[in-house]
Amino acid sequence: MRATYEKAEQIVSRLSTDEKIRLVSGRDAWTTEALDEHGVPSIMLTDGPHGVRKQKGSTDHLGINESVPATCFPPAVTLGSTWDPALIEEVGAALGRECRANDVAVLLGPGLNIKRHPAGGRNFEYFSEDPFVSGKLAAAMVRGIQSQGVGACLKHYAANNQEFYRMSVDTIVDDRTLHELYLTGFEIAVKESAPWTVMCSYNKINGEHADVSRGLLTETLRDEWGFDGLVMSDWFAVSDRALGLCAGLDLEMPGSKGTWDAEVSDAHAKGLLTTAELDLAATRVIDLALRSQNDTATSQVDPEAHHRLARRAAAAGTVLLTNNGILPLERTGSIAVVGAFAKTPRYQGAGSSLVNPTQLDTFLDALRAAVGDAAEVHYAPGYDPTTGATEDALLDEARRVASRADVVIVLAGLPSSFESEGFDREHLRLPDGHTAVVNAALDANPRTVVALLNGSPVELPWADRPAAILEAYLGGQAGGSALADVILGDVAPGGRLAESFPMAASDLPSDRDFARHPKQVEYREGLYVGYRFHDSAGMPARFPFGHGLSYTAFHHSTPTVRKSGDGYSVTLTVTNAGPREGSDVVQVYVRDPQSAAYRPHQELKGFAKVHLTPGASEKVTIKLDQRAFAVWDVRSQEWRTEPGDFEIRVGSSSTDIRSTRTVSITEGTAVSPSHGPAAFVATDNEFRTMLGGEIPTPERSVPFHRDSTAADLRETAAGRAAAAMLSKEAGKQFDTTHADATTIAMFEAATREAPLRMIAMASGGKLTLASLDRLIRLLNVGSFKSWRARG
Ligand code: BGC
């Protein structure tokens with residue numbers, strides 16, 4: 001057992017019940033309670049995940065107030081596309097150093113929810129549509145951060161895959177899908193990196209709030225996976241503090257000025273919350289505080305070195321989607337740069353992860369500096385960087401500049417108002433202005449390269465027209481230079497898509513029930529998410545999972561597959577057979593051609609990134625353990641491998657499989673039959689079978705209760721009056737006068753969607769739960785006025 005944990009236990013044995021109750025809720029937005037007389041320090045937790053967001057002055061958790069300058073590394077979507085755990089670990093270590101320099105004990109990241117639908121507003125903050133990639137990369141990030149004596153935080157646990165009503169929506173998902181898709185990433189990261197903390201999500205899972213789910217927070221996380229750190233709530237995610245303590249939610253964040261204390265004391269007095277349970281939570285809070293009082297690492301930060309690392313990471317996550325040979329670009333002649341993102345880059349997502357960068361590179365400056373006098377660079381903005389809108393004069397100028405140049409580089413993508421924490425995207429299209437500019441440039445000059453700056457997939461109906469397309473995603477503060485590095489070939493584009501780019505959102509089975517109903521979201525597609533769907537349905541993606549070109553050519557030798565431990569090892573030699581340096585990602589998929597349980601066509605179970613100079617070779621060995629072949633057996637509640645033949649498919653994307661080997665597994669156990677949705681979206685009958693019971697009916701808005709939202713209140717006249725008052729109060733709490741349009745949109749969504757209990761928690765003690773309960777009772781009989789009168 002850790003020494004800090006033992007010490008924490010000793011301290012707890014000397015605490016009063018009140019002290020323990022105080023300790024298991026935060027002190028304020030970002031710090032924990034101290035008990036000075038017992039030697040328990042207060043520690044600071046901050047966002048995260050791709051930079052340190054330590055807020056200056058007044059605090060909020062929505063990105064409204066400014067934070068201290070910190071390196072803005074590329075967000076998870078870009079890091080995810082690197083498929084490079086070693087690089088991500090380096091970034092993690094840099095984040096850890098910046099935390100230490102700022103006295104931050106825990107960085108609130110990485111986020112590793114699965115991108116169930118490409119329109120997820122917060123997809124930029126997550127790694128992949130695949131749990132194996134998510135888990136491996138999150139583990140690397142955690143190892144890096146924690147190497148500096150700073151805690152990491154896996155979030156948001158679990159099944160939090162949309163922003164629409166994220167604070168209360170009920171995720172209805174079958175047990176197999178939950179385990180195989182939505183929990184596996186967390187499992188890998190917990191087992192491979194021992195994170196200090198995990199953050200529970202806001203949503204419900206099959207009718208139960210994440211913060212009170214003993215199954216998730218204790219049985220799965222601790223008993224099955226061996227997690228030994230602390231579980232905290234997402235900000236104001238607590239639905240019932242006493243129940244949460246029983247379930248394994250150790251720390252309420254942020255503090256809610258004692259909102260829940262009376263209920264917790266009461267539950268304790270009645271024996272509903274045992275002393276042992278309360279002690280456990282208090283011990284874990286103290287353990288975390290003591291763990292961070294170490295002298296593991298120096299607090300020296302070299303901002304320039306971190307900026308260089310951010311630049312390297314951005315280039316490594318840039319995906320070359322198409323190329324007719326125009327890239328890398330020659331430094332001669334005249335180059336037209338079209339698109340306002342070249343001067344005002346989109347480089348990170350909006351919301352709680354917003355980092356205040358130490359410096360910001362732009363593509364235009366970087367390109368000009370890199371080509372010097374060797375080429376002329378002309379620029380036309382084409383569209384407004386904030387709205388994405390264009391107008392005739394801007395289009396004419398773009399056309400003119402494009403037609404006169406030898407080559408055109410168009411920067412297009414998504415303005416931050418299109419994707420943010422707090423709301424989902426309404427469609428996958430680029431802003432009309434960006435599409436118009438791309439088409440104008442292509443009409444004017446076929447030698448047009450399009451570079452995309454966005455945090456999640458977009459529909460690209462014109463994809464076969466440009467001479468090359470680069471998906472640069474969100475590059476962080478050095479993204480502009482990194483893009484110039486890649487375009488000019490100073491650095492190879494290292495990225496591979498960690499998510500599929502569908503032709504159209506409507507192709508996807510998850511589209512049928514994504515962000516539609518405020519109360520409930522039904523995962524009727526089961527396992528058919530991302531490439532698991534495209535490959536199984538034979539419905540091609542525009543760009544498949546794992547795809548990414550390079551400036552050189554990689555040759556794979558025929559793989560050999562050997563029995564190794566409880567699984568197999570796959571060995572092959574990768575050779576850089578082309579003229580330039582580059583990196584390749586060897587991807588290993590497993591296919592179970594015949595099974596009692598329904599299975600996607602294939603699933604990624606291993607990968608390796610190699611960096612090779614021209615002519616160089618490297619032998620790569622990828623291990624596949626027993627789990628690579630297993631399914632979650634719902635009946636026995638365990639992972640089981642069904643004996644039989646399995647294909648091991650080695651390739652460079654989910655659709656570029658270069659060799660297949662078959663292994664026969666003789667040891668294993670029969671798996672219980674399970675049926676998926678025959679047409680990829682479960683019918684009611686199929687969904688009932690998958691769930692093993694009835695499909696819940698979405699809850700009605702009335703009668704009101706603590707979980708009702710402001711939107712629910714609008715159902716009745718008294719409710720509308722109360723909602724207006726509450727929104728006015730919320731407005732006083734969070735001053736958005738100087739916030740941009742995206743932050744305001746996020747704030748408005750939060751006010752509309754926040755459950756009433758959350759408003760009480762955020763009120764700083766002004767609205768107590770007792771008072772809220774009285775309000776709810778009166779609202780249910782239609783009488784808001786009498787509540788006001790009594791105050
Ligand atoms: C987000 C978390 C974040 C927290 C603190 C929440 O709204 O979901 O990811 O860490 O706020 O800012």
Side-chain angles (χ1 to χ4, degrees), residues 46-54 69-102 104 106-112 124-128 133-155 189 192-193 195 297-319 347-349 353-361 455 472-479 481-482 485-486 491 494-496 498 583 585 609 611:
T46 71
D47 290 305
H50 61 276
V52 179
R53 190 168 76 89
K54 180 174 171 178
T71 311
C72 177
F73 288 96
V77 60
T78 318
L79 293 178
S81 317
T82 68
W83 296 60
D84 192 340
L87 176 62
I88 292 174
E89 203 167 321
E90 256 187 85
V91 171
L95 289 167
R97 280 194 293 277
E98 295 199 19
C99 284
R100 285 194 69 88
N102 282 291
V104 169
V106 176
L107 187 73
L108 302 173
L112 65 151
F124 61 81
E125 236 185 290
Y126 302 135
F127 293 109
S128 178
V133 176
S134 301
K136 290 283 177 186
L137 301 188
M141 176 67 94
V142 172
R143 284 194 299 268
I145 295 170
Q146 296 190 168
S147 70
Q148 303 304 305
V150 169
C153 179
L154 297 183
K155 69 189 191 183
E192 297 188 4
S193 66
T298 116
S299 55
Q300 289 302 313
V301 169
D302 176 350
E304 286 305 324
H306 283 192
H307 186 75
R308 286 195 296 276
L309 174 58
R311 180 168 175 170
R312 195 147 57 81
T318 299
V319 187
Y347 63 100
Q348 65 172 329
S353 67
L354 203 72
V355 174
N356 177 12
T358 59
Q359 51 183 300
L360 184 59
D361 296 352
Y473 281 120
L474 304 177
Q477 66 178 46
S481 308
D485 292 342
V486 168
V491 178
R496 302 291 182 271
S583 60
V585 178
K609 177 130 188 173
H611 303 266

Are any side-chain N or O atoms of T82 and backbone N or O atoms of T78, one a donor and one an acceptor, separated by less than 3.5 Å?
no
Note: G135 and L112 closest approach over all heavy atoms is CA-CD1, 4.5 Å
Salt bridge (Lys or Arg N to Asp or Glu O under 4.0 Å) pairs, two or more places apart, involving residues 142-151
E89-R143
Looking at G96 and V150, what are the two nearest heavy atoms and their distance?
O-CG2, 3.6 Å
Taking the side chain as C-beta and beyond, is there a heavy-atom pair between L360 and Y347 under 4.5 Å?
yes
Cut-off 3.5 Å, side chains only: do Q348 and S353 have a donor facing an acceptor?
no
Closest heavy-atom pair, A93 versus S147, reported as atoms and distance to 0.1 Å, is CB-OG, 3.8 Å
Pair T358, Q477: side-chain N/O donor-acceptor within cut-off below 3.5 Å:
yes
Smallest separation among heavy atoms of G151 and I145, with atom names
O-CG2, 3.8 Å
Checking side chain to side chain contact (heavy atoms under 4.5 Å, CB included) between L137 and each of I88, L79, V142, which is the one that passes?
I88
Measure from the side-chain N and O atoms of K54 to the backbone N and O of N102, and report whether any donor-acceptor pair falls under 3.5 Å.
yes
Counterpart residues, side chain to side chain contact (heavy atoms under 4.5 Å, CB included), relative to A86 (two or more places apart):
D84
Indicate yes or no for a side-chain donor-acceptor contact from E98 to the backbone of T71 under 3.5 Å, with no hydrogens or angles considered.
yes
Please report the C-alpha distance between M141 and L95 in whole Å, then the side-chain angles of each, then the deciding distance to 0.1 Å, and finally whether the side chain to side chain contact (heavy atoms under 4.5 Å, CB included) criterion is met.
CA-CA 9 Å; M141 176 67 94; L95 289 167; 3.8 Å; yes
Distance-only, no hydrogens or angles: does the S481 side chain make a donor-acceptor pair with backbone N or O of D361 under 3.5 Å?
no
Would you please say whether a donor-acceptor pair under 3.5 Å links the side chains of Q359 and E304?
yes
In the structure I gave you, are the side-chain heavy atoms of Y473 and P74 within less than 4.5 Å of one another anywhere?
no
Got a sec, which residues hit salt bridge (charged side-chain N to carboxylate O under 4.0 Å, His left out) with E192, two or more places apart in sequence or on another chain?
K136
If you apply the rule side chain to side chain contact (heavy atoms under 4.5 Å, CB included), what do you find for R496 with V319, and how did you get there?
CA-CA 6 Å; R496 302 291 182 271; V319 187; 5.7 Å; no
Any idea which heavy atoms bring P49 and G111 closest together, and the distance?
CG-N, 4.2 Å
Look only at the side chain of W83 and the backbone of K609, and say whether a donor-acceptor pair between them is shorter than 3.5 Å.
no
Is there a side-chain contact between V91 and L309 in this structure, where contact means two heavy atoms from C-beta onward sitting under 4.5 Å apart?
yes
Taking all atoms of both residues into account, what is the closest heavy-atom pair of A315 and V486, and its distance?
CB-CG2, 3.8 Å
